[in-house]
Amino acid sequence: MLEGKIALVTGGTRGIGLATARALAEAGATVVLTGRDEAKAKEAAAAAGAADGLALDVTDAKAVSTLVRGVAKEHGKLDIVVANAGIMEDALLGMIREELVDTTLSTNVAGTLHTVQAAARAMMRKKTGAIVVLASIVGEHGSAGQTVYAASKAAVANIARSAAKELGRSGIRVNAVAPGVIDTDLTSGLSEDAKAENIGKTPLGRLGTPEDVANAIRFLVSDDASFITGQVLGIDGGLVL
Ligand code: NAD
């Protein structure tokens, strides 16, 4: 399905990013994944069947640009980029610290923006490519105690919608996935009661797995999705917040 494609996945050392790197590699793509720590990135790449694992902090615009350009140069092109790296920290309105605002926006919003910009530059030459960014169900509907995270993910969804409008004539598709509650390290802090409450509000009656999200991303970056762009696809078991 993805034979001959060159793919890059940010934040690929665990969770959804790792499952996505594995899904793309299993579909035949040559995958490069990134993590903040180089040793962990190499380890994850080996586990996922990816070609390489590189160190990258997505908040560093110059580092993102250099890495993306380097991957495209080494492999002769870049077909697929998944801007997955992200963080989530909960805080009620009265408890929001400035540092939380800075780290969340610089990672989730600026980090995604840097990745999409660099991907677009690399893909522009061949006038083809597919980009997926990681939004969230809370970015679409809001969530008590998650105002900063929800705002950041609403921004991510609109990076996809806007970039899709700009890049369509260059043959580059940009979509977002908006996962519900997925069982990863990011959500491991949820209490059993909170998990049970979410499951109760989910028609499919379970939490999502990283593979549920990875499979949808694999579809969106494939040629089967060749007329799909600017969409925010919920992967949430029907969860109503
Ligand atoms: P995770 O915490 O397991 O993985 C996140 C990855 O991003 C890690 O590899 C981490 O090292 C990396 N990362 C964080 N900051 C980074 C930075 N500055 N530079 C480079 N890499 C960085 O989380 P996950 O659940 O796999 O989430 C992946 C994405 O999906 C995130 O963007 C998250 O917001 C989004 N998402 C997750 C859920 C969920 O329920 N798990 C729901 C909706 C959206």
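Just so you know, ligand 1 is whichever comes first in the structure, and atom 1 is the first atom listed for that ligand.
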Do any nitrogen or oxygen atoms of ligand 1 lie under 3.5 Å from a protein nitrogen or oxygen, and which ones?
unit_1   : atom_1 : unit_2 : atom_2 : d
ligand 1 : 2 (O)  : Arg14  : NE     : 3.4
ligand 1 : 2 (O)  : Arg14  : NH2    : 2.7
ligand 1 : 3 (O)  : Arg14  : NE     : 3.0
ligand 1 : 9 (O)  : Gly11  : O      : 3.3
ligand 1 : 9 (O)  : Thr13  : OG1    : 2.9
ligand 1 : 11 (O) : Arg36  : NH2    : 3.3
ligand 1 : 18 (N) : Asp57  : OD1    : 2.9
ligand 1 : 19 (N) : Val58  : N      : 2.9
ligand 1 : 25 (O) : Thr184 : OG1    : 2.5
ligand 1 : 26 (O) : Ile16  : N      : 2.8
ligand 1 : 32 (O) : Asn84  : O      : 2.8
ligand 1 : 32 (O) : Lys153 : NZ     : 2.9
ligand 1 : 34 (O) : Tyr149 : OH     : 2.7
ligand 1 : 34 (O) : Lys153 : NZ     : 3.0
ligand 1 : 40 (O) : Gly180 : O      : 3.4
ligand 1 : 40 (O) : Ile182 : N      : 2.8
ligand 1 : 40 (O) : Ile182 : O      : 3.4
ligand 1 : 41 (N) : Ile182 : O      : 3.4
ligand 1 : 41 (N) : Thr184 : OG1    : 3.2

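Between atom NZ of residue Lys73 and atom CZ of residue Arg69 there is a gap of 9.0 Å, rounded to the nearest 0.5 Å. A distance of 10.0 Å separates CD1 in Ile182 from CD in Glu211, rounded to the nearest 0.5 Å. Interatomic distance, CG of Leu24 versus NZ of Lys5, reported as 11.5 Å (0.5 Å rounding).
A salt bridge does not link Asp236 with Lys201: none of the charged nitrogens is closer than 4.0 Å to a carboxylate oxygen.
Counting only heavy atoms from C-beta outward, the side chains of Glu89 and Ile96 never approach each other to under 4.5 Å.
Residue Ile87 shares its hydrophobic cluster (ILVMFWY side chains chained together at separations under 4.5 Å) with no other residue.
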